[in-house]
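Accompanying notes for the structure given below.
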Amino acid sequence: MTSPEDGSGDALDLYELAACGLLTTAADGTIQRVNRTMCGWTGFTAAELLGKRFQDLLTMGSKLFHHTHWMPLLQMQGSVAEVQLEVVRRDGRVLPVLVNAARREARAGAAPDARPPVDVAVFIATDRRKYERELLFARRRAEELLASERQAQEARAHAEARLRLALDSARLCLWTVDLRTGARHHERDVAALLGLPPSEEVTPEAYAACIHLEDRAAEAAAYAAAIDPGRRVTYSVEYRLLGHDGVERIVRSTGRSFFDEDGRPVHFSGVLEDVTDRRRSEDAVRQRESEFRTLAENSPDVIARFDRARRFVYLSPAAEGLTGKPVVDFIGKPIDQTGMASADTAAWVAAIDEAFAGRHGTLAFTYEVHGGHPREFQTQLVPERNTRGEIVTVLGLTRDVTGLRQQEREAQQRALLAEQLIGIVSHDLRNPLNAVLLGTQLLEDADAELQRVTASRIAAAAHRANRLITDLLDFTQARLGGGLRVARREIHLHEVAADCLDEVMLAWPARQVEHRRTGDGLGLADADRIAQILTNLLNNALTYGTPDQPVTVTTAVLPGALEIQVHNAGRPIPPELQAKIFEPMQRGGAQARPGSRSVGLGLYIVREIASAHGGRVSVRSTEREGTTFVVVLPRAGGAGG
């Protein structure tokens, strides 16, 4: 056959009028030749398609596929076959197509980097898509029907298995009666109820003979009523069986009759259940309940029982003495209608719900008892289970713990006070003891003048340590609400500060402290307490401040006040800590230097001393300005004594 290139008319018609669209594209997809069939399908003329890229005729999804799959496969394999794409016609409609493409062999003598053209054949896939969708739908429908049939079979098998499992688990035995012939049939499991071997067949006469004489009339009446066409009641009766093994068993027999269209009874089906253990358990429960009520009604504690709606189903008489209301006013009412505070009510509701979830709980609350006196109570909530292990009620035991809590608070206060006293001793005696120890070391190699100065400082530190120990009793008074005592006399604030700084710096020889003075320095205050303030604030600044930056101490005597400021650079005190930094046992541990052993009492002592002088202490701390503690005292005296 001739090719389109030889000019043959038949070959040209075969190409132009082929039953598929034919294109020749450059390696980048630019259309170099296209037949009439392709033009007719797309609605474009040959002139409009020439020079356009083939991928430009595709929908967005097909373009993406062309770029990510078509081109790489064509480069690797040299051809692609039956690729499903979508072509956008000139009028905007989408035409589903199947596309085959093959890359031509490179011509002899062509440049090595020259890429040969690609021949593309396009087939309309509209009918094929429709057929594939119909086929897919039919297949899915068949699979769904098959799955439904399998599920039905499995469900039936599972139902039968569950029925048998339920009968076996509950130890239920079946018995039937053909009411047209009167023939009775008992399953072999019934033999166990009569104390017979499991393999022995039970006859109706043998079974009837084992029914307790006192129960036979009740069983016969229940059966007669069940098969009576005029009554048609459900058969349900309990009776005793006297087994051949000498054991008396209690069985519960239930069943129903079936009637034909004329109302005549034709069949009866019944189930036998051994309830011996259950009845004995119920008797034991009733006995325990009786014992419980006897205990609860004579207990000084309040004992309550709640159902799942959080309603009182029992309340002991002790509640009347606390509430002033009779117990009957609470029974049947939910806990949120007892007049407690909303917060306590919410806690009760949550605790009861927790107990119904299987978790024991403890609840503490305050209740204003009859007479207007608030009392503290503690409740233990425990779930109560039935014989099957199901939680049916929650039991609450409420005890008045007002006296116990008061004793605990007093003991805790005593323990805390003792801890704080020990902390103050270790905290405030550290500096004078360090001064004594370091001064003693300096005496060994010092000249006479330095020995005199050092000995004087040792004596001053020892005296101050002795005074601090005496003042521990004052601290005890401060913790009990009495406040610290101060002994005011005329002092020279600058000199007191200078002596204190010299003493503190013996323990910080590598650090720099600047002392700034304003005013004449005279005022009325307790010099030892002022030294305490300076010692605590200066040690605090040296502990938390930046080591290579100086600490600045400013003492100022203003017209009506004595003012002490201690400033250090470094990380600021967090705002949430600033609000409570003057409370005992508070410290900025995250910022302390390694080795710091502060117990968090220094700033508390500063506040108490300032308060005893009738003054105040405050703190400013920012990233930019650093941290400054400011103590302001009245110059001529104030509160305290």
Item checked: All salt bridge (Lys or Arg N to Asp or Glu O under 4.0 Å) counterparts of Arg133, not counting sequence neighbours -> none
Note to self: If we ignore hydrogens and angles and just use 3.5 Å, is the side chain of Ser253 paired with the main-chain N or O of Leu272 as donor and acceptor?
What the structure shows: no
Note to self: Assess, by modelled atom type and distance only, whether the side chains of Gln380 and Arg399 contain a donor and an acceptor separated by less than 3.5 Å.
What the structure shows: no
Notebook entry, point to check: Do Thr345 and Ser342 meet the criterion of a side-chain donor-acceptor pair at a distance under 3.5 Å?
Noted result: no
Note to self: Whether the Tyr235 and Glu219 side chains hold a donor-acceptor pair (N or O, under 3.5 Å, no angle test) is what I'd like checked.
What the structure shows: yes
Notebook entry, point to check: For Arg607, does its backbone N or O pair with a side-chain atom of Ser611 as donor and acceptor, under 3.5 Å?
Noted result: no
Check: Parallel, tilted or perpendicular for Phe365 and Phe377, by the 30°/60° rule?
Finding: parallel
Checklist line | Main-chain N/O of Leu145 paired with Arg150 side-chain donor or acceptor, under 3.5 Å | finding: no
Note to self: Among Leu193, Leu241, Leu172, exactly one meets side-chain contact (heavy atoms from CB on, under 4.5 Å) together with Asp274. Which residue is that?
What the structure shows: Leu193
Note to self: If only side-chain N and O atoms count, and only distance matters, is there a donor-acceptor pair under 3.5 Å linking Thr627 with Tyr544?
What the structure shows: no
Check: Residues two or more places apart in sequence or in another chain: which of them pass ring pair (Phe, Tyr, Trp, His ring centres under 6.0 Å) with His69?
Finding: Phe65
Notebook entry, point to check: Thr379 side chain to Gly396 main-chain N or O, any donor-acceptor pair under 3.5 Å?
Noted result: no
Next item on the list: Please check if atom CZ in Arg252 has more than 12 non-hydrogen atoms from other residues, nucleotides or ligands closer than 6.0 Å.
Entry: no
Notebook entry, point to check: Taking Ser281 for the side chain and Asp277 for the main chain, is one N or O donor matched with an acceptor at less than 3.5 Å?
Noted result: yes
Margin query: If we ignore hydrogens and angles and just use 3.5 Å, is the side chain of Asp262 paired with the main-chain N or O of Arg264 as donor and acceptor?
Written below: no
Next item on the list: Check ring pair (Phe, Tyr, Trp, His ring centres under 6.0 Å) between Phe330 and all other residues, then give those that pass, not counting sequence neighbours.
Entry: Phe312
Checklist line | Verdict with supporting geometry, Glu384 and Arg305, salt bridge (charged side-chain N to carboxylate O under 4.0 Å, His left out) | finding: CA-CA 9 Å; Glu384 291 187 298; Arg305 179 175 282 153; 2.7 Å; yes
Item checked: Residue among Thr393, Leu315, Ile335 satisfying side-chain contact (heavy atoms from CB on, under 4.5 Å) with Phe306 -> Ile335
Item checked: Over-ring placement of Arg232 relative to Phe258, 6.0 Å and 45° cut-offs -> no
Notebook entry, point to check: Would you say Arg409 has more than 12 foreign heavy atoms packed within less than 6.0 Å of its CZ?
Noted result: yes
Check: Just checking, any donor-acceptor pair under 3.5 angstrom between side chains of Gln153 and Arg156?
Finding: no
Check: If you draw the axis of the six-membered ring of Tyr223, does the NZ or CZ of Arg231 fall within 45° of it and under 6.0 Å from the ring centre?
Finding: no
Next item on the list: Would you kindly say whether Glu408 and Gln412 are connected by a side-chain donor-acceptor distance under 3.5 Å?
Entry: no
Checklist line | Under 3.5 Å: donor-acceptor pair, side chain of Asp215, backbone of Ile211 | finding: no
